[in-house]
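Values below: every heavy atom of this structure, side chains too, minus hydrogens, waters and symmetry copies. Note that the coordinates shown come from a computational prediction; the quantities given were computed from them, not determined experimentally.
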Amino acid sequence: MPCDIVPGAHTILVETRPGSGLDELSVLRVVHDARRSFTPPDEHSPTPSPPDLVIPVVYDGDDLADAAALAGMTEKQLIATHSRGLWTVQFMGFAPGFGYLVPGPETSARDADALARITRRGQSRTAVPTGSVAVAAGYSAVYPRSSPGGWFLLGRTDLPMWDSEARPPSLLTAGMTVRFEPTEAPS
């Protein structure tokens, strides 16, 4: 039975054509099969797996100082914390190509707590520039296009997150791992 499985922060959407005979037991089978096919990272492995994607970031965001203050660290410490470990795309949403990334299992509890202290901004922006790398409430994301947003902007990347002509159009997919890599602004 063909269906789409769309993970969310706390839910899973199972979608199929009307009249396909999808009942509660079928949904449980689909979710069970999806969970069985997922292989979580080995937390005891001596060498961490390489990321599926490396995103170069110029850490010069408008909110870098404010985000660092909320996290209880310096700007350099926040950049190191944000770029040190792997992030996992937990789910896609908000806009095409917008992935909600969570710190990977190798992230220390101290770093995860510091990142979680960075809430949403008190006032949202009417336009966040394309490629903005942002954090809020323990998540990180890259804005795939200009849109309103209330996350703290740490920096920017030139890597396109969404290309309507590409197959698939989104550079990110749920479950993939990402590393943010500090880079210098082009001269």
Taking all non-hydrogen atoms of both residues, which atom of [X] and which atom of [Y] are closest, and how far apart?
| X | Y | value |
| --- | --- | --- |
| R84 | R179 | O-NH1, 2.6 Å |
| F152 | I118 | CD1-CG2, 3.6 Å |
| P148 | Y143 | O-CE2, 3.9 Å |
| M92 | G97 | CE-C, 3.6 Å |
| A67 | L154 | CB-CD2, 3.8 Å |
| M161 | P144 | CB-CB, 3.7 Å |

Say whether, by atom type as modelled, one donor and one acceptor occur between the side chain of [X] and the main chain of [Y] under 3.5 angstrom.
| X | Y | result |
| --- | --- | --- |
| W87 | H82 | yes |
| T107 | P103 | no |
| S146 | T130 | no |
| D60 | G155 | no |
| T157 | P56 | yes |
| T177 | L86 | no |
| R156 | L153 | no |
| S83 | I79 | yes |

Answer yes or no: is there a side-chain heavy-atom contact under 4.5 Å between [X] and [Y]?
| X | Y | value |
| --- | --- | --- |
| S147 | F94 | yes |
| R145 | P96 | yes |
| V89 | T173 | no |
| S170 | L172 | yes |
| V57 | E181 | no |
| L78 | L115 | yes |

Atom pair OG1 (T119) and CH2 (W151), whose distance is rounded to the nearest 0.5 Å: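 Answer for the OG1-CH2 pair, T119 versus W151, is 12.0 Å.
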So how far is it from L70 CG to R117 CZ, rounded to the nearest 0.5 Å?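 Here the rounded value is 9.0 Å.
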Tell me whether the rings of Y100 and F91 are parallel (<30°), tilted (30 to 60°) or perpendicular (>60°).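 Y100 vs F91 ring planes: parallel.
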Hey, quick one: are [X] and [Y] part of the same hydrophobic cluster, counting side-chain heavy atoms closer than 4.5 Å, chains of contacts allowed?
| X | Y | value |
| --- | --- | --- |
| W162 | V128 | no |
| L171 | V54 | no |
| L101 | L53 | yes |
| L159 | V178 | yes |

Flag if over 12 foreign heavy atoms under 6.0 Å of CG, D163: yes
Going by distance alone, is a donor N or O of one side chain under 3.5 Å from an acceptor N or O of the other, for Y139 and Q90?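 On atom types as modelled, these side chains qualify, holding a pair under 3.5 Å.
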D63/R125 salt bridge by N-O under 4.0 Å criterion: yes
